[in-house]
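Have a look at the structure below, then the notes.
Keep in mind that this is a model prediction, so the values were computed, not measured.
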Amino acid sequence: MRLRRKAVAVAAALLVLSGLAACGDGTTDAADNEAGVLNVGMPNGPQTENHNPFLPSAASNSLGYRWALYEPLVMFNQVKPAEDGKPWLATEWTWSENYHKLELTIRDNVKWSDGQPLSAEDIAYTFTLLKTTPALNINAIPYGDVTAEGNKVTVTFSASQFVNQMDILTQTPMVPKHQWEKMSDPATDTVKDPVGSGPYTLKTFTPQTVTLTVRKDYWQDLPKVKELRYTSYTDNNAQTTALANGSSEWAFTFISNYKAVYVNKDPQHHKLWFPPVLGVHGLFLNTEQKPFDNPILRRAMNMVINRKDVFTQAESGYFYPEVTSVTGIPTPAGDSFLADDYKDKTFKVDVNGAKKLLTDNGFTYQGDSLVDPTGQPVKITLSDPAGWSDYITTLEILKDNFSDIGIAATVDKANQDNWTSNVDAGQFEAVMHWTNNGATPYDLYQSMMDGALYKPQGQSGVNGNWGRFRNAEATTALDQYANAADDASRKAAMDELQKIYVEQAPVLVTGAANAGGEYSTLHWVGWPDENNQYAPVQPTQPNALDIILHLKPA
């Protein structure tokens with residue numbers, strides 16, 4: 001799964017609520033609640049109508065309402081990745097042949113929203129559609145044979161899918177064959193009349209607001225939420241204003257001064273929860289540029305990063321949770337994956353230790369300035385888009401941290417389009433970036449270290465390993481983990497990846513990814529929180545459907 005920054009990261013350093021105007025009708029009154037309305041928001045700007053659930057650019061994906069229309073086979077909980085999944089459209093699922101084969105039992109008595117029955121043939125068609133339409137297969141799953149018989153579906157794969165189980169079972173929305181087989185090109189045809197198995201159907205669409213209404217023939221108990229209104233606000237500031245005044249009741253947005261501008265507006269009802277998941281944010285150093293190809297320098301830089309300052313200052317003490325493990329793996333989500341050698345090793349800032357590591361390995365000082373083994377002063381440009389205020393604040397903190405060991409850093413507040421192109425082509429020295437995340441730490445380490453994702457500096461089309469890190473042992477360990485025949489072999493590979501990360505510091509981790517959100521209990525209760533972690537609270541994730549089904553009028 002992919003928890004991207006998108007508009008979420010674009011926040012002003014200070015939010016002045018009185019001067020902001022929000023999109024939408026701006027009200028959530030008692031009449032709304034009596035009508036069973038839930039107002040959901042995202043700060044993603046005007047939307048173009050397309051309800052294609054597979055395309056990241058579609059409005060249904062951007063705002064998250066695809067999961068109210070379409071459903072997955074299984075509902076896994078990212079916050080507790082070790083837990084078993086919850087049966088959904090599939091009542092049973094079995095992996096065999098070292099995760100090369102998946103057998104599914106499809107739930108009976110489910111109807112599509114147009115009244116036609118959902119069958120195993122529809123599920124098989126969905127997988128075949130992804131197999132034959134690479135543009136929709138965004139996770140590049142290597143589908144093989146797909147067959148359906150009775151209520152059973154069998155899918156084979158050309159490689160082990162241990163690391164992709166959540167992508168296949170939870171992140172893949174099922175679609176009806178009778179609608180999709182009529183499209184000339186499912187990757188480009190606009191889906192304006194969505195037919196899904198979920199509890200809602202499309203009522204109205206405008207570039208600012210999408211309204212869904214509950215259907216009467218849904219296979220589960222009908223949700224108490226009778227109408228969902230998804231509003232796309234112009235930016236984080238407008239979204240925050242809407243949360244503060246109650247016109248938006250559920251969102252995922254960065255709020256730099258969240259207590260003053262959001263929580264304190266209604267402390268009894270304005271809530272937020274941002275649990276860590278198995279992905280991270282960190283400083284990607286371009287390891288093809290000297291002296292950052294030197295792991296000694298990268299380790300020393302890692303040793304002086306004040307992760308707590310990044311968490312409390314750049315991320316307002318909640319948005320990207322602090323990572324305390326030296327392995328870079330977020331906890332508690334990753335506790336069960338920690339190698340024995342690192343279970344009790346907590347990250348601590350160590351300036352003196354970093355200086356000693358450097359001077360013991362050929363680095364010297366001219367006054368307060370660090371000089372590399374070739375005699376060149378160590379300088380670095382830290383770059384991110386100007387509008388990503390949390391990242392920019394992080395870079396300013398890192399600039400100060402690096403100065404403690406004599407590295408002269410400059411913060412470049414870049415144009416976003418230029419920055420994206422430069423990162424893609426490897427034309428940078430250091431950038432704050434995110435990793436992928438999944439049910440295991442494999443995804444975050446793959447984003448950092450997989451040689452299979454490597455492209456030479458100047459070549460674009462990178463999807464991971466933005467730092468151009470090359471280490472044959474890491475690539476081998478990633479492959480071994482993904483294709484291991486048993487848990488012992490898998491653990492050995494994960495232990496090796498942690499060792500390589502600690503010793504090579506390919507990415508300087510600053511915080512964990514999250515699957516969080518802001519929500520109001522004024523009209524609706526039953527939300528997940530620290531004491532009831534049944535789902536991540538981010539409204540664009542598949543689990544948003546599970547949350548909606550849990551909600552009850554306050």
Sequence neighbours left out, what passes side chain to side chain contact (heavy atoms under 4.5 Å, CB included) with P330? Give chain and number order. P276, L278, V280, V323, L444, A512
For Y318 and F254, take the angle between the two ring planes, folded into 0 to 90°, and tell me which bin it lands in: parallel under 30, tilted 30 to 60, perpendicular over 60. parallel
Measure the spacing between CG of L297 and CD1 of I405 and express it to the nearest 0.5 Å. 7.0 Å
Side chains of N44 and S62: is there a donor and an acceptor less than 3.5 Å apart? yes
Roughly how far, to the nearest 0.5 Å, is CG of D309 from CD of E396? 13.5 Å
Over all heavy atoms of both residues, which pair between N61 and P56 is shortest? Give the atoms and the distance, please. ND2-CA, 3.3 Å
With ring centroids as reference points, do W419 and W388 lie under 6.0 angstrom apart? yes
Backbone N/O of G45 and side chain of T234: donor-acceptor pair under 3.5 Å: no
W95 and F157: aromatic ring centres closer than 6.0 Å? yes
Would you give the length of the straight line joining atom CG of N306 to atom CD of E322, rounded to the nearest 0.5 angstrom? 8.0 Å
Heavy-atom nearest pair, N302 first then A505, reads CB-CB, 4.5 Å
Measure the shortest side-chain to side-chain distance between W273 and V537 over non-hydrogen atoms and say whether it is less than 4.5 angstrom. yes
Please report the C-alpha distance between F319 and F252 in whole Å, then the side-chain angles of each, then the deciding distance to 0.1 Å, and finally whether the ring-ring contact (aromatic ring centres under 6.0 Å, His included) criterion is met. CA-CA 10 Å; F319 196 66; F252 174 61; 5.7 Å; yes
Side-chain touch R66/P173, heavy atoms, less than 4.5 angstrom: yes
If you compare all heavy atoms of N264 against all heavy atoms of P267, which two are closest, and at what distance to 0.1 Å? O-CD, 3.6 Å
One pair to check against side chain to side chain contact (heavy atoms under 4.5 Å, CB included): V163 and Y481. What are the steps and the verdict? CA-CA 8 Å; V163 297; Y481 186 84; 3.8 Å; yes
Scan Y391, F428, F284 and name whichever one has a ring-ring contact (aromatic ring centres under 6.0 Å, His included) with H433. F284
Mind checking whether L398 and T394 have side chains closer than 4.5 Å, heavy atoms only? yes
Taking the side chain as everything from C-beta on, heavy atoms only, tell me whether L169 gets closer than 4.5 Å to L102. yes
Pick from M448, E288, R298: which one makes a side chain to side chain contact (heavy atoms under 4.5 Å, CB included) with F469? R298
Could you go through Q446 and N436, starting from their C-alpha distance and side-chain angles, then the distance that decides it, and tell me whether this counts as side chain to side chain donor-acceptor pair (under 3.5 Å)? CA-CA 8 Å; Q446 184 196 35; N436 291 332; 5.1 Å; no
Just one of Y230, Y519, W527 clears the ring-ring contact (aromatic ring centres under 6.0 Å, His included) bar with W250, so which one? W527
Nearest atoms (heavy-atom pairs only) where A513 meets Y320: CA-CD2, 4.4 Å
Would you say NZ of K271 has more than 12 non-hydrogen atoms from neighbouring residues, nucleotides or ligands within 6.0 angstrom? yes
For the CG atom of N286 and the OG1 atom of T381, what is their distance to the nearest 0.5 Å? 12.0 Å
Neighbour count above 12 (heavy atom, 6.0 Å) for K343 NZ: yes
Quick one: does any side-chain atom of Q498 pair with a main-chain N or O of F337 as donor and acceptor, under 3.5 Å? yes
Got K265 and N245 here, is their nearest side-chain heavy-atom distance under 4.5 Å? no
Would you please test I168 and I141 for side chain to side chain contact (heavy atoms under 4.5 Å, CB included) and show each step? CA-CA 8 Å; I168 294 166; I141 303 297; 4.0 Å; yes
Please enumerate all residues that pass side-chain hydrogen bond (donor to acceptor under 3.5 Å, both in side chains) together with D412, with sequence neighbours excluded. S383
Show, in sequence, the C-alpha distance, side-chain angles and deciding distance for M449 and I500, and conclude whether the side chain to side chain contact (heavy atoms under 4.5 Å, CB included) test is met. CA-CA 9 Å; M449 300 190 284; I500 294 169; 3.8 Å; yes
Does D424 reach the main-chain N or O of G461 with its side chain, forming a donor-acceptor pair under 3.5 Å? yes
Qualifying residues under side chain to side chain contact (heavy atoms under 4.5 Å, CB included), relative to T331, sequence neighbours excluded: T324, D335, L338
So does E249 get a backbone contact from the side chain of N39, meaning a donor-acceptor N/O pair under 3.5 Å? no
Scan residues 536-547 for pairs that pass salt bridge (charged side-chain N to carboxylate O under 4.0 Å, His left out), counting only residues two or more places apart or in two chains. K86-D546
Quick one: do the Q171 and N139 side chains pair a donor with an acceptor below 3.5 Å? no
Using a strict threshold of under 4.0 Å (side-chain N to carboxylate O), is an ion pair present between K379 and E429? no
Name the one of N236, N237, T240 that satisfies side chain to side chain contact (heavy atoms under 4.5 Å, CB included) with P43? N236
Can a side-chain donor-acceptor contact be found between E518 and T253 if the only test is distance below 3.5 angstrom? no
Might you point out which heavy atoms bring N77 and E83 nearest each other, and give the distance in Å? ND2-OE1, 4.3 Å
Any side-chain heavy atom of F54 sitting closer than 4.5 Å to one from I138? no
Keeping H270 on the side-chain end and S520 on the backbone end, is there a donor-acceptor pair under 3.5 Å? no
From S489 atom OG to N483 atom CG, the distance as rounded to the nearest 0.5 Å: 11.5 Å
What pair of heavy atoms forms the shortest contact from I547 to P528, and how long is it? CD1-CG, 3.7 Å
Pairwise distance OG1(T410) to CG(L395) - rounded to 0.5 angstrom: 11.5 Å
Evaluation steps, side chain to side chain contact (heavy atoms under 4.5 Å, CB included), between F402 and I305: CA-CA 8 Å; F402 296 152; I305 289 179; 4.1 Å; yes
Return each pair, listed once, that meets salt bridge (charged side-chain N to carboxylate O under 4.0 Å, His left out) where at least one residue sits in residues 474-500; pairs must be two or more places apart or across chains. D487-R490, K491-D495, K499-E503
For residues Y65 and T540, determine if any side-chain heavy atom of one lies less than 4.5 Å from a side-chain heavy atom of the other. no
What pairs with H269 under side-chain hydrogen bond (donor to acceptor under 3.5 Å, both in side chains), at least two apart in sequence or on another chain? D266
Between the side chain of S316 and the main-chain N/O of T312, is any donor-acceptor distance below 3.5 Å? no
Quick check: does any side chain N or O of Y445 sit under 3.5 Å from a backbone N or O of M494, one acting as donor and the other as acceptor? no
Can you confirm whether E315 sits close enough to F274 that some side-chain heavy atom of one is under 4.5 Å from a side-chain heavy atom of the other? no
